[in-house]
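In this text, all values refer to a predicted model and were calculated from it rather than measured experimentally. Read the numbers this way: they start at 1 and go in the same order the structure lists the ligands and their atoms.
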Amino acid sequence: SVTLRYFCYGCLFTSVTWSVLLFLYFSLGQDAGRPSFRNVPVQGPRAIRFQPRFTKSPVGAKDAVKAVPAAGGSKPSDLSPEMGMIFNEQDQEVRDMGYHKHAFNVLISNRLGYHRDLPDTRDSKCRNRIYPQSLPVASVVICFFNEAFSALLRTVHSVLDRTPPNLIHEIILVDDCSELADLKEDLDTYVQKHLQAKVKVVRNEKREGLIRGRMIGASHATGEVLVFLDSHCEVNEAWLQPLLAPIHRDSRTVVCPVIDIISADTLAYSPSPIVRGGFNWGLHFKWDPVPTSELSSPDGAIRSPTMAGGLFAMDRKYFNELGQYDSGMDIWGGENLEISFRIWMCGGQLLIIPCSRVGHIFRKRRPYGSPGGQDTMAHNSLRLAHVWMDEYKEQYFNLRPELRERAYGDISERQAVRHRLQCQSFKWYLDNIYPEMQITSPNNKPQQPMFVNKGVRRPKVLNRGRLRNLQVNKCLVAQGRPSQKSGAVVVKACDSRNPEQEWAYDEEHELILAGLLCLDMSEIRSSDPPRLMKCHGSGGSQQWSLGKSNRLYQVSVGQCLAVVDPVSPKGYVSMAICNGSQSQQWQLEG
Ligand code: UD2
Ligand code: MN
């Protein structure tokens, strides 16, 4: 699960715009009888009343966003980089607990509230498309375990806000036995009070995992089409019509939207490149470039060998006929490849629809385990290998020899599905659907699991120079030699001729010392001082804003870089609540 490096067109313009808007919001919010961020309570039912709604902002936020010039028909998100600013201990707690429990910035998620505008990331051609008047109605199934309340509610509201009501038959929320109190009574109260009768909550008595969870959700559904979403998504403009239309034409077509990226650290929404699903012999999903032969379909649909798993639509009867999911799979992992193989091998097709865009919060780690602590990915992969992969399961065992003798439970029901549907061989699938797949020799190393392809492009440098602290008049440098893999930073006497003191500030908002390492913050322990680390290119912990009033603001931590003790020769620095003091003033001077 990695995000990709993506060029932030128009960020400068938008951040300026948002700074102005936020300033207005902070300074006028109270007087206008609305809460400023400082007073936004943490989660719980009270939070609902106080959610600031940027969507309906009277100062024209929407227009400001829409005014940004599009790059190739799409543009990135437009949040202020300072959306995660820490003002007090309560903010700190929300942020830190949020990372701990959910692995994303819950402080920002709460501040966004349940509705927000998104940049329309579709190609401009999509906007003029006309879809059939009569389309099948959808049951949206969202399975969740310990989801952050605001992220779950934003998922639900984004569907209600951006879908023609006549196409939504119902939204089924499957609570997979969550342990967080607000997902029980508070959710029920909210659904009752604020959501239409279309939204239903189904509760699992024990933790089932997302695979059986979705099957339970589907068994309650009565709409013609099932649409599955993760519980931390936001659907974009006219997302559903282009998914329903191909299913309407052919009920054995399964469709996925393009999964746009919501940053786990900033909640910024940015477009994904058009890629399609593949996998490696470790049975990890990966994104592949789209072969040019696939780019010729008149409606832009792209045939995809696999799906990522979380976001897709499928005729409900076809879902049942095709054997739903493998109910012997637990918690997380593998079901996406299993259903992909099954669709293709048993007479269906799987398409990615570029005109349908849904954002998803991509996290760097999964914040939950399985109840027994097992590796459910291995268990699930083993089941799918034994049912679907014929002799090619050897490719998997070559990489995972320890799994060769591992028990995987009873698969007879799944083998019966394959037999009943008269499915093709795995060789047929590889030859016809995924010819790019290489058959590897036993000694090859496993490939890295990958969510979104990382670009190779180096971001453009905007500024270069020493980073001088205005209070102590010293420069930020590596404590040891900067050529090492990582290390602490301190302030020392500035030396204009020393290249080891030179920082580059680039368009990704990274600060790179001596062309080698990035200034980085620990996501989990935001009280740790900043340090030098290998640049990862995913923003967040390496994203700094160097702007007005000379402060050096860390985007995912929500604090400013400060000199700890101005008279100490040790020159220690740390992150602190931004207060505009001299110790927090920095200048990047060439
Ligand atoms: C990806 C998929 C995910 C699923 C997974 C493989 C996308 C965007 N996401 O992982 O949908 O296919 O690969 O299995 O393609 N959940 C439960 N019960 C559990 C565990 C998870 O309900 O025991 C929910 C969870 O709250 C979330 C969904 O299942 O809504 C997917 O889990 P995830 O977001 O941790 O998976 P992700 O996106 O890393
Ligand atoms: Mn997810």
If I apply the N/O under 3.5 Å rule, does Ile259 come out as touching ligand 1? no
Please check whether Asp176 reaches ligand 1 - meaning an N/O of the residue sits under 3.5 Å from an N/O of the ligand, judged on distance alone. yes
If the contact criterion is a heavy-atom separation under 4.0 Å, does Arg363 count as touching ligand 1? yes
Over all heavy atoms of both residues, which pair between Asn146 and Glu179 is shortest? Give the atoms and the distance, please. OD1-N, 2.6 Å
In Asp230, which N, O or S atom comes closest to the Mn ion (ligand 2)? OD2
Matching residue for Phe341 among Trp388, Tyr434, Phe426 - test: ring-ring contact (aromatic ring centres under 6.0 Å, His included): Phe426
Taking only non-hydrogen atoms of Leu311 and a 4.0 Å limit, the atoms of ligand 1 in range are 8 (C)
Would you indicate whether Arg303, at its atom CZ, is surrounded by more than 12 heavy atoms from other residues, nucleotides or ligands within a distance under 6.0 Å? no
Atom 4 (C) of ligand 1: which of Arg366, Glu338, Glu335, Arg365 has the nearest heavy atom? Glu335
Element-labelled atoms of ligand 1 that are located less than 4.0 Å from some non-hydrogen atom of Arg207: 19 (C), 23 (O)
Can you tell which of Cys256, Cys233, Gly310, Pro371 gets a heavy atom nearest to atom 15 (O) of ligand 1? Gly310
Report, in ascending order of atom number, the atoms of ligand 1 lying under 4.0 Å from any heavy atom of Gly309. 11 (O), 12 (O), 15 (O)
So that I can tick it off, tell me whether Asp330 and Arg212 are bridged by a salt bridge, with the cut-off set at under 4.0 angstrom between side-chain N and carboxylate O. yes
Looking at ligand 1, is there an atom of it that comes within less than 4.0 Å of some heavy atom belonging to Gly333? yes
For His360, what is the atom name of its N, O or S atom nearest to the Mn ion (ligand 2)? NE2
I need the minimum non-hydrogen distance between Ala238 and Arg122, along with the two atoms involved. CB-NH1, 3.6 Å
Atoms in ligand 1 with a heavy atom of Ile331 nearer than 4.0 Å: 20 (C), 23 (O)
Using the rule side-chain hydrogen bond (donor to acceptor under 3.5 Å, both in side chains), only one of Lys364, Gln543, Gln542, Arg363 pairs with Asp265; which is it? Lys364
Tell me whether the rings of His157 and Tyr190 are parallel (<30°), tilted (30 to 60°) or perpendicular (>60°). perpendicular
Could you work out, for atom 11 (O) of ligand 1, the closest of Arg214, His360, Arg212 by heavy-atom distance? Arg214
Can you tell me if an N/O/S atom from Cys233 lies under 2.8 Å from the Mn ion (ligand 2)? no
Please check if atom CZ in Arg252 has more than 12 non-hydrogen atoms from other residues, nucleotides or ligands closer than 6.0 Å. no
Should you measure from each heavy atom of Phe145, which atoms of ligand 1 turn up under 4.0 Å away? 17 (C), 18 (N), 19 (C), 22 (O), 26 (O)
With respect to Glu147, determine whether any N or O atom, backbone or side chain, lies less than 3.5 Å from an N or O atom of ligand 1. no
Quick one: do Phe228 and Phe312 satisfy ring pair (Phe, Tyr, Trp, His ring centres under 6.0 Å)? Show the steps, please. CA-CA 5 Å; Phe228 294 99; Phe312 67 99; 4.9 Å; yes
Should the pair Glu335-Arg342 be classified as a salt bridge under the 4.0 Å nitrogen-to-oxygen rule? no
So is His232 in contact with ligand 1, going by heavy-atom distances below 4.0 Å? yes
Ligand 1 to Gly209, heavy atom cutoff 4.0 Å, flagged ligand atoms 18 (N), 19 (C), 23 (O)
Between Ile361, Leu210, Leu229, Asn336, flag the one that comes closest to atom 16 (N) of ligand 1 by a heavy atom. Leu210
Please state which option from Phe362, Tyr368, Phe285 has its nearest heavy atom closest to atom 32 (O) of ligand 1. Tyr368
Whether Phe362 and His360 hold their rings parallel, tilted or perpendicular, with breakpoints at 30° and 60°: perpendicular
Between Leu173 and the options Val202, Val156, Leu195, the side-chain contact (heavy atoms from CB on, under 4.5 Å) test singles out Val156
